[in-house]
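Sharing a structure below in structure tokens format, with a few things to ask.
Please read all numbers here as calculations on a predicted model, not as lab measurements.
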Amino acid sequence: MSELALLLIRLAFLAVLWFFVIAAVGVIRTDLFGPRTAPSANPRKLPTKPAKNIPAKPKRGEPRQMVVTGGPLQGTIINLTEQPITIGRATDSTLVLSDDYASSRHAQLFPQDGQWIVEDLGSTNGTYLDRSKVTRPTPVPLGTPIRIGKTVIELRK
């Protein structure tokens with residue numbers, strides 16, 4: 001094999017190696033700081049606060065609590081209010097997971113138009129509603145499991 005061919009093979013190998021290093025650094029950055037997002041042209045409709053600071057009463061058939069049904073935090077119950085619930089390893093999350101498969105800002109549950117919506121926040125390992133991967137904000141039916149790493153969550157009355 002000629003000297004030129006060996007040199008080209010070495011350079012190609014070096015370029016592929018650097019590609020993998022840069023990709024690994026990008027994944028680590030996303031896991032630590034969250035995904036880069038551009039401002040959306042159509043912002044998500046945020047719920048309005050009830051008048052006179054009276055807590056909003058859940059309507060009949062709407063979930064009232066989020067229950068952890070599997071994983072290390074099994075049995076944890078969070079009462080649902082009009083505030084979004086963040087889930088992840090970050091200490092300021094509503095539900096803090098100590099799971100190697102959860103990102104720092106993994107997922108978010110928020111109320112919209114009388115139902116609760118789950119949204120994956122660009123996590124590395126994904127969020128699953130029942131057995132389907134969540135790729136966009138998706139309504140969560142009562143009793144349907146939401147899986148984040150080893151943790152399983154359900155909305156209940």
Rounded to the nearest 0.5 Å, what separation is found between the CG atom of Asn125 and the OG atom of Ser103?
-> 6.5 Å
Is there side-chain contact between Arg156 and Thr69, with heavy atoms separated by less than 4.5 Å?
-> yes
Residues Asp100, Arg89: salt bridge by 4.0 Å N-O rule = no
From the list Ile87, Leu109, Ile153, Thr94, side-chain contact (heavy atoms from CB on, under 4.5 Å) partner of Ile78 resolves to Thr94
Rounded to the nearest 0.5 angstrom, the OG-CD1 distance for Ser123 and Ile148 is 7.5 Å
Val152 reachable from Val134 in the ILVMFWY side-chain graph, under 4.5 Å edges = no
All heavy atoms of Pro141 vs all of Pro139, minimum pair found to be CD-O, 3.5 Å
About how many Å separate CD of Gln108 and OG of Ser93, when rounded to the nearest 0.5 Å?
-> 10.0 Å
Give a yes or no answer on whether the side chain of Thr151 reaches the backbone of Asp99 with a donor-acceptor pair at less than 3.5 Å.
-> no
Heavy-atom closest pair, residues Pro84 and Phe110 | CB-CB, 4.0 Å
Is it the case that one hydrophobic cluster holds both Val21 and Leu14, taking links as side-chain heavy atoms less than 4.5 Å apart, direct or via other members?
-> yes
With a 4.5 Å heavy-atom cut-off, do Ile28 and Thr30 have their side chains touching?
-> no
Considering the options Asp130, Val140, Leu129, Leu155, which one meets the side-chain contact (heavy atoms from CB on, under 4.5 Å) requirement together with Pro145?
-> Asp130
Separation between CD (Gln65) and CD (Glu154), nearest 0.5 Å, reads 11.0 Å
Within a radius of less than 6.0 Å around OH of Tyr128, do more than 12 heavy atoms belonging to other residues, nucleotides or ligands occur?
-> yes
Side-chain donor or acceptor of His106 paired with backbone N/O of Gly126 under 3.5 Å = yes
Flag the pair Asp120 and Arg105 as a salt bridge only when some basic side-chain nitrogen lies within less than 4.0 angstrom of an acidic carboxylate oxygen.
-> no
Side-chain contact, heavy-atom cut-off 4.5 Å: Val67 with Thr76?
-> no
So, does Thr138 use its side chain to make a donor-acceptor pair with the main chain of Arg136 at under 3.5 Å?
-> yes
Out of curiosity, Gln115 CD to Leu142 CG, how far, rounded to the nearest 0.5 Å?
-> 11.0 Å
Under 4.5 Å between any side-chain heavy atoms of Met66 and Ile85, yes or no?
-> yes
Thr81 to Pro111 - nearest heavy-atom pair and separation | O-CG, 4.2 Å
Rounded to the nearest 0.5 Å, the NZ atom of Lys133 sits from the CZ atom of Arg147 at a distance of 10.0 Å
So, do Pro63 and Trp116 sit near enough that their side-chain heavy atoms are less than 4.5 Å apart?
-> yes
